[in-house]
Amino acid sequence: MELKQYQRDVLREVGRFARTYAMTRDAATAYGVFMNAVGLTPGQGGVERYRDDLGGAPKVCVKVPTGGGKTFIGASAARVLTEVLPTRTNVVVWLVPRREILSQTLRNFRNPGHFLRMALDRDFGGRVEVLDKEDGLRGRSFSAATVGDQLTLFVLSYDSFKNKDGRRAYAENSSLAGLTAYQQDVGTAVDVEGADDTALISALAGTNPIVIVDESHHAGSKLSLDMLRNLNPRFVLELTATPGKGANVIAQATARQLKREEMVKLPVVVYRRPDKRTTISDAVMLQRRLEAIAEQDEVRTGRYIRPIVLFQAERRGTEGAETYQKLKEKLVEGGIP
């Protein structure tokens with residue numbers, strides 16, 4: 001599977017930011033230089049300033065609509081980032097929000113015939129090892145010898161480090177004693193608060209991994225940020241269709257680009273409206289027109305396809321947020337049962 005043009009464009013921007021960071025070694029400075037190069041100034045003209053919530057480690061976001069191949073972009077970014085920001089080890093931690101996504105992602109990356117694995121094999125000469133938390137706890141293919149000789153891709157969820165089962169990642173682990181001793185010798189070991197020196201989280205932190213966060217809008221809690229800090233990331237790349245507040249967006253693809261590349265088969269029609277209430281009322285009117293067409297089609301064909309409208313409410317706690325309750329009230333006022 002070849003990268004689409006918009007995917008190459010996003011990757012180009014990821015590489016450009018990474019190279020800027022490699023030169024400046026300061027994420028906020030790199031963000032300013034990166035934005036200035038395209039005529040934008042953080043803090044002016046509606047451009048947000050860089051938000052540093054990892055104590056200096058660069059964390060940037062790419063916005064790609066659902067169906068636009070975010071995972072393929074992330075897999076392809078692994079080579080870009082490891083080449084621009086090299087260390088003794090090529091370790092990438094791929095974080096997903098939920099266990100069901102974890103199983104699917106692991107299955108895809110481990111399947112030699114899947115395009116995600118094929119992309120990694122192409123970029124790293126076939127020297128790729130895909131591990132989960134249990135592999136790490138057992139030290140399988142995660143040692144001083146292997147991490148410097150291959151791409152080691154850990155696919156984990158945030159649950160991997162939470163609750164009682166997650167605490168195993170912080171406990172003493174004789175299977176990783178050799179790797180953590182090596183990290184002590186070469187000066188890359190990291191003291192993770194609450195973790196044993198030989199724990200899985202300590203071993204991962206000692207590799208200074210690149211972290212790719214899939215569906216990153218689910219990862220804004222304090223616990224999630226604490227876990228990211230504990231990983232001692234070299235670089236954090238967020239992938240999402242809906243960036244959270246404060247996300248440092250450096251590249252994005254549009255629905256029109258996806259349509260042009262035939263990633264979206266149905267027509268994509270985009271309108272801009274002056275306010276939320278107009279947007280809601282226009283959407284309801286459009287649904288009613290489509291429903292009238294659907295009823296006529298049912299008389300003609302015997303099939304009824306119900307047109308729907310999906311509204312995405314905003315989270316509570318932000319000024320002017322279109323919360324579930326506010327949205328519901330507007331719909332009820334508009335005659336929706």
Under a plain distance cut-off of 3.5 Å, with no hydrogens placed, do Thr278 and Asp275 share a side-chain donor-acceptor pair?
yes
Starting from Ile280 and following side-chain heavy-atom contacts under 4.5 Å between hydrophobic residues (I, L, V, M, F, W, Y), which residues can be reached?
Val284, Val309, Phe311, Leu327, Leu331, Ile336
Which pair of heavy atoms, one from Leu102 and one from Val155, lies closest together, and at what distance?
CD1-O, 3.4 Å
For Val249, the rest of its hydrophobic cluster, which grows through side-chain links under 4.5 angstrom:
none
Decide salt bridge (charged side-chain N to carboxylate O under 4.0 Å, His left out) for Glu193 and Arg229; before the verdict, give the C-alpha distance in whole Å, the side-chain angles of both, and the deciding distance to 0.1 Å.
CA-CA 10 Å; Glu193 184 178 356; Arg229 295 187 191 101; over 6 Å; no
For Tyr304 versus Ala294, what's the shortest heavy-atom pair and its separation?
CE1-CB, 3.8 Å
Would you call Arg107 and Gln104 a side-chain contact if the rule is heavy atoms closer than 4.5 Å?
yes
Which pair of non-hydrogen atoms, one from Ala18 and one from Leu85, has the smallest distance, and what is that distance?
O-CD2, 4.2 Å
With a distance cut-off below 6.0 Å to the six-membered ring centre and an angular limit of 45° from the axis, does Arg127 pair with Phe124 as a cation-pi contact?
no
Sub-4.5 Å side-chain heavy-atom contact between Val47 and Thr41:
no
Gln252 meets the side chain to side chain contact (heavy atoms under 4.5 Å, CB included) criterion, sequence neighbours left out, with Lys63
For the side chain of Gln257 and the backbone of Thr254, is there at least one donor-acceptor N/O pair under 3.5 Å apart?
yes
Is Val60 close to Phe235 at the side-chain level, that is, under 4.5 Å between some pair of heavy atoms?
yes
State the CD-CG distance between Gln287 and Asp282, to the nearest 0.5 angstrom.
13.5 Å
Could you give all pairs that pass the ring-ring contact (aromatic ring centres under 6.0 Å, His included) test and reach residues 45-89, with sequence neighbours left out?
Tyr31-Tyr50, Phe72-Phe115
Lys/Arg-Asp/Glu bridge criterion (N-O < 4.0 Å) met for Glu291, Arg288:
no
Between Arg16 and Phe34, is NZ or CZ placed under 6.0 angstrom from the six-membered ring centre and within 45° of the ring axis?
yes
Please report, to 0.1 Å, the donor-acceptor pairs under 3.5 Å made by any side chain of residues 197-213, with sequence neighbours excluded.
unit_1	atom_1	unit_2	atom_2	d
Thr198	OG1	Asn173	N	2.9
Thr198	OG1	Asp196	OD2	2.6
Ser202	OG	Asp196	O	2.7
Thr207	OG1	Leu204	O	2.6
Asn208	ND2	Asn232	O	2.8

With sequence neighbours left out, what residues match Tyr324 under side-chain hydrogen bond (donor to acceptor under 3.5 Å, both in side chains)?
none
Can you find a heavy atom in the side chain of Asn36 that is under 4.5 Å from one in the side chain of Pro42?
yes
Distance (rounded to the nearest 0.5 Å) between Thr20 OG1 and Arg25 CZ:
12.0 Å
Taking side-chain hydrogen bond (donor to acceptor under 3.5 Å, both in side chains) as the cut-off, I'd like each qualifying pair that reaches into residues 81-90, sequence neighbours left out, listed once.
Thr87-Arg234
May I ask you to say whether Glu322 pairs ionically with Lys330, meaning some side-chain N is under 4.0 Å from a carboxylate O?
yes
Apart from Val332 itself, residues in the same hydrophobic cluster as defined by side-chain heavy atoms under 4.5 Å
none
Following the transitive rule for hydrophobic clusters with a side-chain heavy-atom cut-off under 4.5 Å over Ile, Leu, Val, Met, Phe, Trp and Tyr, establish whether Phe109 and Leu3 coincide in one cluster.
yes
Inter-residue atom distance Leu225.CG - Asn230.CG, 0.5 Å rounding
11.0 Å
side-chain hydrogen bond (donor to acceptor under 3.5 Å, both in side chains) partners of Ser143, counting only residues at least two apart:
Thr146
Reported CG-to-CZ distance for the pair Leu81 and Arg19, which is rounded to 0.5 angstrom
10.5 Å
Glu298, CD atom: more than 12 neighbouring heavy atoms under 6.0 Å:
yes
State, with a plain yes or no, whether a side-chain heavy atom of Lys70 is found less than 4.5 Å away from one of Glu215.
yes
Taking side chain to side chain contact (heavy atoms under 4.5 Å, CB included) as the definition, give me every residue that meets it alongside Thr242, ordered by chain and number, with sequence neighbours left out.
His217, Thr240, Gln312
Selection residues 237-254 - residue pairs positive for salt bridge (Lys or Arg N to Asp or Glu O under 4.0 Å), sequence neighbours left out:
Lys59-Glu238
Could you check whether any side-chain heavy atom of Thr71 comes within less than 4.5 Å of a side-chain heavy atom of Leu239, counting everything from C-beta outward?
no
Distance-only, no hydrogens or angles: does the Asn248 side chain make a donor-acceptor pair with backbone N or O of Arg51 under 3.5 Å?
yes
Go through the side-chain N and O atoms of Gln150 and Thr152 and say whether any donor and acceptor fall under 3.5 Å apart.
yes
Looking at Glu129 and Arg140, is there a salt bridge between them, counting it only when a charged N and a carboxylate O are closer than 4.0 Å?
yes
Within the 4.5 Å heavy-atom criterion, are Arg168 and Leu137 side-chain neighbours or not?
yes
Val92 versus Phe154: any side-chain heavy-atom pair under 4.5 Å?
no
Which residues pass the side chain to side chain contact (heavy atoms under 4.5 Å, CB included) test with Gln5, not counting sequence neighbours?
Arg8, Asp9, Glu261
Asp132/Arg110 ion pair, N-O < 4.0 Å:
yes
